[in-house]
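Chain A is the first sequence line, chain B the second, and so forth, proteins listed ahead of strands; every chain is numbered from 1. The analysis underlying the following values was restricted to heavy atoms, covering all of them including side chains, and did not include hydrogens, waters or symmetry mates.
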Amino acid sequence: MSALTFAIFAPIVGMIAILFVKKEEAEKAKTIGFLTSLVMFAACTYVAWQCFHIPEGQQYVLESKALWIDLGGSFQVHYHIGVDGLSGMLIFLTGLLSVCAALASFTIKQSVRGYWAMFLLLHCGVIGTFASLDMFLFYVFWEIMLLPMYFLIGVWGGPRRIYAAIKFFLYTLFGSIFLLAGILIVYFAVTAEGSGFTGNPFSIPDLTDYALAMKGSGGILHNFASSLSWIPTAVFWGMFVAFAVKVPVFPFHTWLPDAHVEAPTPISVILAGILLKLGGYGMLRINFPLFPEVLADSAFIIGTLGCISIVYGALVAMAQTDFKKMVAYSSVSHMGFCLLGFASMTSEGMNGAILQLFNHGTISGMLFLVVGVVYERAHHRDLNRFGGLMWRMPVYATISSIAIFASIGLPGLSGFWGEFLSFAGSFKGLYSGAKIITVIATLGLVFTAAYYLRAIQKVFLGKTNPACEQFPDLDKREFWMIMPLLVPTILFGIYPKYLIEIYQPFVESFMTLVAKVGA
Amino acid sequence: MLLAQSWIPDLSAIFTQFAAEAVLCLAIPVIILADVFAGPARREKVAGLIGMGALVLAFVLALIQPADGVMLTKLLRADGLAKAFRLIAIATGVIAAVGAMRGEITKARTEFYVCLLGAVVGACLTAAANDLAMLYLAIETLSIAGYLLAGFRKDNAKSAEAAMKYVIFGAIASAIMLYGMTLVYGFAGTSTIATPEGMTYASIASEAATAAMSPAFLIAVVLVFAGLAYKIAAAPFQFWCPDVYEGAPTSVAAFLAVASKGAGFAVILRFFSAVTSGGDMTETLQAVLLIVALVTMTIGNLAALRQNNAKRLLAYSAIAHAGYLLVGVAVTNQAGATAVVFYMMVYLFMTLGAFYMVGIVERQTGRTDIDAYTGLGFRAPMFAACLAICLISLTGLPPTAGFPGKFFLFQQVFAHAGEQQSSLFFWGGVIGLLNGVISLGYYTRFLKVMYLCDRDQIPTGSFAFGGIDRGMVLMLTAPVLVLGIAFQGLRELADTLAKGIF
């Protein structure tokens with residue numbers, strides 16, 4: 001069993017162990033859950049480490065492939081997993097955040113066993129999705145995430161949790177329907193007579209190679225008649241919707257604020273830190289590589305959507321009085337940078353977008369933890385009812401400020417690189433209108449600074465609100481749940497080279513995929 | 001001797017290919033006689049034992065019976081499709097009998113078993129019928145037994161209403177279908193009217209292949225389809241379904257939703273295989289089927305959103321699933337038939353599981369509204385988890401068996417769209433898949449009340465879920481989960497059973 005398989009199924013083992021915990025000893029579930037997350041973190045780190053040593057001429061490491069369903073002919077579904085730098089990096093992020101989220105979950109007091117079982121099942125789905133190299137497998141893991149998330153928000157969430165949970169579920173399922181339709185259409189097209197495809201119709205690497213080979217001659221869906229020439233575009237946009245819902249991209253973002261506000265803190269962390277990344281990852285792994293030509297034609301729309309997400313998200317965040325909702329909308333805004341970078345189809349833009357995936361994961365995870373800490377003390381999140389926490393909780397205020405400044409994109413902290421490179425790439429984007437879109441999008445930075453600075457001022461500065469007099473500073477657990485995220489924020493802010501190095505092979509191969517199209 | 005042989009039909013297939021039906025038919029008079037001779041105290045128990053024994057024996061026989069396409073005097077054909085739907089019908093009969101024994105039927109249980117066996121025989125013969133006359137007899141056997149079963153909660157006005165509605169709708173549908181059959185016979189039988197082949201599927205097929213696009217033949221086909229659409233509760237003949245399911249005993253509703261619907265699909269597969277075997281009507285019929293399928297599932301799913309009664313909700317869900325299954329018929333090819341058979345087998349487990357659990361709640365609380373499930377996730381975790389698995393499977397999400405089921409059905413739709421370059425089928429596929437999202441809206445209402453309720457709303461008091469009920473539920477739910485991951489064997493089975501339909 002490879003380390004990757006271990007990382008995917010370790011949570012399942014933990015979950016099964018929890019199911020055997022007796023009701024009276026529910027606290028044991030907590031221990032098992034936390035230990036499992038540590039094991040996951042170790043496995044994920046090992047996986048990511050392996051990605052630094054991808055042998056020459058090989059795209060994936062830790063690859064394993066076993067026949068799962070064989071119906072004769074071309075219908076062969078494999079348990080096919082493997083990682084490259086991109087997925088390795090995101091799997092590392094998953095392991096890291098799972099430990100932080102597990103520490104933050106110690107405050108969950110009701111139905112403890114159920115909570116940890118769902119928590120671990122969710123991670124199985126996430127790591128599995130990142131590792132899948134088979135479309136069918138990818139889809140199965142992608143959907144496996146939905147149910148635990150529904151329960152985690154719906155059972156352990158805030159007052160409007162039921163509404164938020166079903167909204168999340170419906171939106172995401174709505175999106176994935178188009179992914180499923182896309183998989184089925186691609187399957188038919190490449191297995192139909194005269195397609196010239198010889199690989200496995202579910203294999204993502206095979207299809208990517210095929211897309212590269214068919215570039216300039218109609219793409220992987222070239223064998224549709226002229227009356228159906230809209231099919232490749234439709235499939236591209238269908239898959240885009242599936243992933244855009246997860247990112248989330250305007251106008252598919254409305255589930256996010258509800259889900260975030262109602263979800264318990266650790267689940268918000270996972271939602272913002274990992275689940276949103278799955279959207280961007282899906283685009284990079286499936287959506288764009290399979291349809292590089294459509295991507296080139298659609299760059300303007302994708303860039304525009306990114307720009308709208310950035311500006312609109314920032315403006316709405318500015319209007320919030322709820323701390324958590326503000327952070328949630330800032331996620332919409334910051335994930336827009338990824339789209340801007342993707343649309344540019346330049347090396348800088350891709351680098352920026354991928355950096356943003358990782359760094360937004362750590363930074364937004366931190367921000368949600370920070371909000372959770374103050375919520376536990378005040379039992380509300382109204383920005384207007386805090387004040388002067390700097391004097392009562394100095395450690396907390398320092399860490400929070402670092403997180404906020406990282407999110408604003410202050411140079412020296414990790415958020416800067418993603419934003420900077422996304423904008424730099426986007427400005428020299430290959431589509432017409434790239435410059436104008438980039439200029440408009442930079443407005444988002446101003447708004448971002450505005451709402452974050454206002455938040456700092458209202459929460460940490462000024463006179464101490466009498467209601468906040470008695471707030472204790474971070475305790476040990478809270479300190480250590482934020483620390484694993486703070487370290488990479490500062491480390492990769494000063495020295496992002498390790499991060500860039502790990503996924504560089506992916507960017508290079510991606511650039512060859514799109515480059516010829518643009519030329 | 002030779003002359004005699006040619007005139008006496010060869011009935012030996014009864015003992016080989018049709019032993020299951022023979023056992024069930026024999027059991028009916030045995031139950032009635034036993035009822036007379038057993039004392040009043042034991043009669044229902046004896047009847048139950050005989051009925052159950054006959055069903056189990058029939059199931060075993062059905063499993064080992066060869067599916068080699070041998071015919072019984074050209075009226076019945078023992079092929080794979082017959083075997084598949086016979087197994088489904090008998091298995092459903094077993095579950096319904098268990099439901100009745102567990103206390104769902106309180107009065108006249110003996111008669112219940114007799115009717116149930118009759119309905120099962122009818123369903124088996126419907127699936128095996130090779131000739132329109134035989135088909136009509138078999139469907140009527142199934143229907144009449146079904147009317148009686150629907151009205152079996154004798155002290156309940158809704159049950160009586162259900163039976164009445166079922167009879168009236170059923171009679172009209174039968175009449176329409178019979179009229180269609182006579183027309184089909186008229187077309188198919190013109191050349192060979194005096195021979196028995198006049199009404200078999202084979203002769204319909206040869207007529208359809210040669211006939212030019214004749215509006216009259218199309219009307220005939222549509223009329224027959226109307227009668228069958230009633231059986232499977234497809235739009236616009238679905239109105240009876242929720243009322244009947246609500247009023248009928250839950251195990252009968254389950255029987256109607258699975259066995260009766262399954263028999264209907266066996267016929268639809270055979271019939272459309274025959275009428276689309278050539279000629280220029282094929283494309284029109286495919287479009288008609290697809291549109292009926294889409295309308296059916298959309299109506300079912302949208303109407304289910306507003307239901308508060310678990311049985312009515314499952315009735316609309318059953319309508320929606322008739323739509324999904326019809327999608328597999330609409331492509332009129334072998335792979336589509338395989339997908340239908342596969343989905344039907346998956347549907348058997350998840351639907352029977354859901355109905356059985358609704359029955360458990362009904363027996364314990366006397367309620368069928370969704371609020372009766374409040375807090376079950378905490379009061380009876382095992383029960384709630386099993387129900388959740390069945391509902392997730394009905395929605396079609398991995399890792400449950402509903403997902404490969406839907407995957408195969410819609411795979412055929414998109415393949416057909418690509419082969420025929422038909423944008424109708426492309427959009428049909430997308431609309432069909434989107435229906436899954438709508439259905440999530442009502443299936444999750446169970447999850448909502450079971451798990452997401454406020455803690456102070458959870459009723460106290462215990463919820464009994466043990467013994468036979470637990471065993472039955474686990475038996476129905478475990479395959480839903482296992483087949484969601486390891487479905488290759490089932491798919492290969494479906495491949496074998498559906499072989500040679502198109």
Side-chain angles (χ1 to χ4, degrees), chain A residues 19 23 67-72 75 77 110-111 113-114 125 136-137 139-144 146-147 150-151 153-157 161-162 165-166 169-178 180-189 191-193 221 223-228 230-231 234 238, chain B residues 335 338 377-378 381 385 388-389 392 395-400 403-404 406-423 426-427 429-441 444-445 447-449 451-455 484-489 491-492 494-495:
Chain A
L19 294 181
K23 197 168 192 174
L67 197 57
W68 174 16
I69 304 292
D70 179 10
L71 300 180
F75 196 102
V77 177
Q110 58 168 353
S111 311
R113 291 175 303 161
F136 194 95
L137 189 67
Y139 188 79
V140 168
F141 277 125
W142 179 266
E143 299 276 89
I144 282 179
L146 298 186
L147 205 62
Y150 169 77
F151 282 124
I153 298 173
V155 178
W156 292 275
R161 60 183 196 275
I162 295 176
I166 191 66
F169 207 161
L170 286 175
Y171 263 69
T172 326
L173 187 65
F174 170 80
S176 37
I177 287 308
F178 295 105
L180 181 58
I183 292 173
L184 289 170
I185 293 171
V186 168
Y187 172 80
F188 164 76
T191 54
E193 260 175 66
L221 300 183
N223 48 354
F224 283 105
S226 55
S227 64
L228 291 174
W230 50 272
I231 292 279
Chain B
T338 309
F378 306 100
I389 289 172
I392 292 298
T395 319
L397 293 181
T400 57
F403 172 64
K406 266 197 187 168
F407 188 91
F408 290 138
L409 282 173
F410 285 98
Q411 184 200 349
Q412 294 316 316
V413 176
F414 286 110
H416 184 83
E419 273 157 23
Q420 306 294 321
Q421 305 283 333
S422 145
S423 29
F426 268 115
W427 293 115
V430 172
I431 293 171
L433 286 174
L434 280 177
N435 259 278
V437 184
I438 307 178
S439 74
L440 183 74
T444 48
R445 291 180 57 195
L447 302 185
K448 188 175 91 180
V449 295
Y451 290 102
L452 273 53
C453 55
D454 286 325
R455 291 315 159 98
I485 296 163
F487 50 87
Q488 181 166 346
R491 167 73 194 206
E492 277 163 4
D495 265 326

If you count heavy-atom pairs under 4.5 Å between each of [options] and chain A, which one has the most?
| options | answer |
| --- | --- |
| B:A388, B:G441, B:P398, B:G429 | B:P398 |
| B:R455, B:E419, B:R491, B:E492 | B:R455 |
| B:G432, B:S423, B:G396 | B:S423 |

Evaluation steps, side chain to side chain contact (heavy atoms under 4.5 Å, CB included), between B:L397 and A:F169: CA-CA 12 Å; B:L397 293 181; A:F169 207 161; 3.7 Å; yes

B:I438 portion near chain A, given a 4.5 angstrom heavy-atom threshold: neither

Interface moiety of B:D495 toward chain A, non-hydrogen atoms closer than 4.5 Å: neither

Check: A:Y187 ring centroid to A:F136 ring centroid under 6.0 Å: no

Ring centers of A:Y150, B:Y451 separated by less than 6.0 Å: no

Residue part contacting chain B, namely of A:A192, when any heavy atom lies under 4.5 Å: neither

A:W142 portion near chain B, given a 4.5 angstrom heavy-atom threshold: neither

Option that, when pairs with chain B are counted at under 4.5 Å, heavy atom only, ranks first among A:I166, A:L146, A:I231: A:I231

Residue pair B:T400 / B:I389: nearest heavy atoms and the distance that separates them: CG2-O, 3.9 Å

B:F426 and B:F414 aromatic ring geometry - parallel, tilted or perpendicular at 30°/60° bounds: tilted

Nearest-0.5 Å distance, CD of residue A:E143 to OG1 of residue A:T172: 9.0 Å

